[in-house]
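Here's the structure we're looking at; comments come further down.
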Amino acid sequence: MAKELASRKHDLLLIARSGDTLSKNCIELQQNFGVKADFLVTDLSVPNAALKIKEWLVEKNYAIDILINNAGFGSWGNLRDISRDELNQMMQLNMISLADICKVLLEDLEKNKKAYILNVASTASYQAVPTLATYAATKGFVVLFSRGLRWELKDGPVSVSCVSPGATATGFIDRANLGFIKEKSEKFTMPPQTVAKISINGMFSGKAEIVPGLMNWITVKAVGILPKSLPELIARNLYKVDK
Ligand SMILES: NC(=O)c1ccc[n+]([C@@H]2O[C@H](COP(=O)([O-])OP(=O)(O)OC[C@H]3O[C@@H](n4cnc5c(N)ncnc54)[C@H](OP(=O)(O)O)[C@@H]3O)[C@@H](O)[C@H]2O)c1
């Protein structure tokens with residue numbers, strides 16, 4: 001998404017934990033797209049991460065007109081087997097920090113004539129997913145939070161969108177210990193560049209919800225119509241390790 005925005009001549013502020021990757025990405029963005037780019041190395045899964053971002057913006061005198069809450073992760077397994085640390089980190093990053101960042105940076109966004117928030121959810125937002133129960137619930141939060149905030153901000157300059165990607169070829173699957181479904185999901189997996197382009201287009205055209213890819217869109221629509229237990233059963237079988 002940073003590259004997609006850079007290709008449209010937007011300057012970028014990147015935030016993640018890996019300083020080396022961020023530094024390399026900023027140099028690439030500057031060289032390849034002629035935009036300005038800077039980065040903050042910080043862990044967004046700790047309380048008050050939003051205040052750290054705000055302090056950085058003030059210190060550097062940076063103004064923002066787009067906020068993309070993309071950082072997030074999933075963790076496959078039964079609740080019984082996932083560590084409490086992993087679980088709490090996931091809920092903090094995917095939900096609490098996301099909402100807090102919107103809250104803390106809203107005043108900065110509202111200084112513009114037009115501004116955008118894009119929150120990254122998942123197709124898993126729309127149904128319960130056994131073995132990804134907490135992850136799916138955190139992403140359900142992102143959709144509802146984004147929709148509610150969108151209405152709250154309707155008469156102001158900030159447009160709020162939420163994107164729900166399906167399987168996308170990033171580091172997500174390995175981080176979530178979902179390597180075993182790579183082969184099964186390969187034909188439905190989208191390139192991140194395509195997902196990013198659709199997401200950014202959707203954000204700028206002010207869409208409330210964006211579901212990239214026809215298959216993902218059909219799946220989300222079908223989940224809304226079918227009895228809840230049916231997609232839950234399909235997910236249970238999909239995410240079960242083959243014996
Ligand atoms: N890929 C998929 O199939 C898929 C499907 C649906 C939704 N999503 C969602 O898409 C979003 C992006 O994930 P991705 O697919 O690009 O996965 P990814 O390749 O694992 O990238 C995750 C990004 O978030 C950053 N991040 C993770 N934990 C962080 C933390 N505690 N503090 C700050 N930054 C952190 C990572 O950088 P560092 O590790 O350097 O911090 C990395 O830049 C997530 O919200 C994910 O839930 C992905």
Side-chain angles (χ1 to χ4, degrees), residues 1-4 12-26 28-29 39-50 52-53 56 67-76 85-101 117-127 129 132 134-143 145-146 161-182 184-196 198-200 203 209-213 215-217 219-220 235 238-239:
M1 287 202 265
K3 281 186 189 160
E4 183 57 40
L12 272 310
L13 300 173
L14 306 181
I15 302 174
R17 294 164 302 175
S18 313
D20 289 351
T21 310
L22 289 174
S23 163
K24 211 176 81 196
N25 287 343
C26 280
E28 266 178 38
L29 291 168
F39 64 94
L40 172 69
V41 180
T42 200
D43 185 349
L44 297 173
S45 71
V46 297
N48 295 321
K52 212 163 164 192
I53 300 174
W56 178 60
L67 165 65
I68 301 186
N69 278 305
N70 177 58
F73 74 93
S75 191
W76 175 82
D85 279 353
E86 176 97 335
L87 208 64
N88 287 324
Q89 202 191 346
M90 186 181 4
M91 292 189 288
Q92 179 76 39
L93 178 64
N94 295 6
M95 295 189 291
I96 301 170
S97 290
L98 179 142
D100 200 31
I101 292 168
I117 294 176
L118 178 64
N119 291 328
V120 180
S122 165
T123 47
S125 310
Y126 298 94
Q127 66 165 97
V129 184
L132 285 169
T134 308
Y135 174 70
T138 66
K139 293 300 183 176
F141 170 91
V142 176
V143 172
F145 169 74
S146 303
S161 301
C162 175
V163 60
S164 290
T168 309
T170 65
F172 176 84
I173 290 220
D174 290 327
R175 170 67 186 85
N177 301 318
L178 276 166
F180 64 93
I181 66 152
K182 256 188 197 161
K184 280 190 213 170
S185 62
E186 211 167 29
K187 52 178 177 296
F188 305 112
T189 300
M190 293 178 70
Q193 294 82 354
T194 310
V195 174
I198 295 169
S199 305
I200 300 298
M203 176 189 81
E209 282 180 58
I210 307 150
V211 182
M215 270 308 290
N216 292 327
W217 187 83
T219 306
V220 165
L238 178 68
Y239 291 110

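Every heavy atom of this structure was used, including side-chain atoms; hydrogens, water molecules and symmetry mates were not. Start at 1 and go down the list; that is how both ligands and their atoms are numbered.
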Side-chain donor/acceptor of N177 to backbone N/O of S75, under 3.5 Å: no
Protein residues that have a heavy atom under 4.0 Å from any atom of ligand 1, sorted by chain and number: A16, R17, S18, T42, D43, L44, S45, N70, A71, G72, L93, V120, A121, S122, Y135, K139, P165, G166, A167, T168, T170, G171, F172
D43 side chain to S45 side chain, donor-acceptor N/O pair below 3.5 angstrom: yes
S199 (side chain) donor-acceptor with V195 (main chain) under 3.5 angstrom: yes
Any side-chain donor near an acceptor of the partner, N216 and T123, under 3.5 Å: no
Closest contact, heavy atoms only, N69 versus N119: ND2-OD1, 3.0 Å
Heavy-atom pair of closest approach, residues F172 and G74: CE1-N, 3.5 Å
